[in-house]
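Accompanying notes for the structure given below.
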Amino acid sequence: DAGAPSWGSETRAELTAQWLRKWLRLTPTFEQLMQDFEVEHVGADGTIRGSVSVAGPLLSADGTLHVGGLMVLIDTISSVSVTACGGFSGVSIDLGATVLAPIEAGARVVIET
């Protein structure tokens, strides 16, 4: 596998960032839970950095980040990361995370790939 072509990689990364900003505000899918995600960086190498405030539909009944909300964040951003570096994203079959401590309402979660 030779990987994605390097020509146009910066343009691809910028177009991916633009698409992500629009998609999260318009989608009728689970990704709408991330509509307040703020994209700070999308790199041609697949690096993504952004953040979202733990609020609204991302909260569980006890006022902390719901594990399902966490999984949506991880799944969506990791898939976009693959696209940003020229790959084809697909469907996550197995996804896991270890939550070390609850994340309280109002906290800002930073996501980096």
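Starting from 1, each residue takes its place in the sequence as its number.
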So which heavy atom on [X] is nearest to which on [Y], and how close?
X	Y	result
Ala84	Arg12	O-NE, 3.0 Å
Ser53	Leu58	O-CD1, 3.9 Å
Ala13	Ala44	CB-N, 3.5 Å
Arg25	Arg21	NH1-O, 3.0 Å
Ala97	Met71	CB-CE, 3.3 Å
Phe37	Leu24	CB-CD1, 3.8 Å

Tell me, do [X] and [Y] make a side-chain contact under 4.5 Å, heavy atoms counted?
X	Y	value
Thr47	Glu112	no
Leu59	Leu65	no
Val42	Thr16	yes
Ser51	Val110	yes

Atom pair [atom1] ([X]) and [atom2] ([Y]), whose distance is rounded to the nearest 0.5 Å:
X	Y	atom1	atom2	value
Met34	Leu73	CE	CG	5.0 Å
Arg49	Ile111	CZ	CD1	10.5 Å
Thr76	Leu20	OG1	CG	8.5 Å

Notebook entry, point to check: Is there a donor-acceptor pair under 3.5 Å between the side chain of Ser81 and the backbone N or O of Gly46?
Noted result: yes
So if you build clusters from Ile, Leu, Val, Met, Phe, Trp, Tyr with side-chain heavy-atom gaps below 4.5 Å, do [X] and [Y] land together?
X	Y	value
Leu26	Trp19	no
Ile48	Leu95	yes
Ile74	Trp23	yes
Val67	Val72	yes

Checklist line | Test: Arg108 and Glu38 ion pair at under 4.0 Å | finding: yes
Margin query: Checking Leu15 against Gln18 for the side chain to side chain contact (heavy atoms under 4.5 Å, CB included) test, could you report, in this order, the C-alpha distance in whole Å, the side-chain angles of both residues, the deciding distance, and whether it holds?
Written below: CA-CA 5 Å; Leu15 290 173; Gln18 291 174 18; 3.9 Å; yes
Margin query: Using the rule side chain to side chain contact (heavy atoms under 4.5 Å, CB included), only one of Val52, Val39, Thr113 pairs with Ile77; which is it?
Written below: Thr113
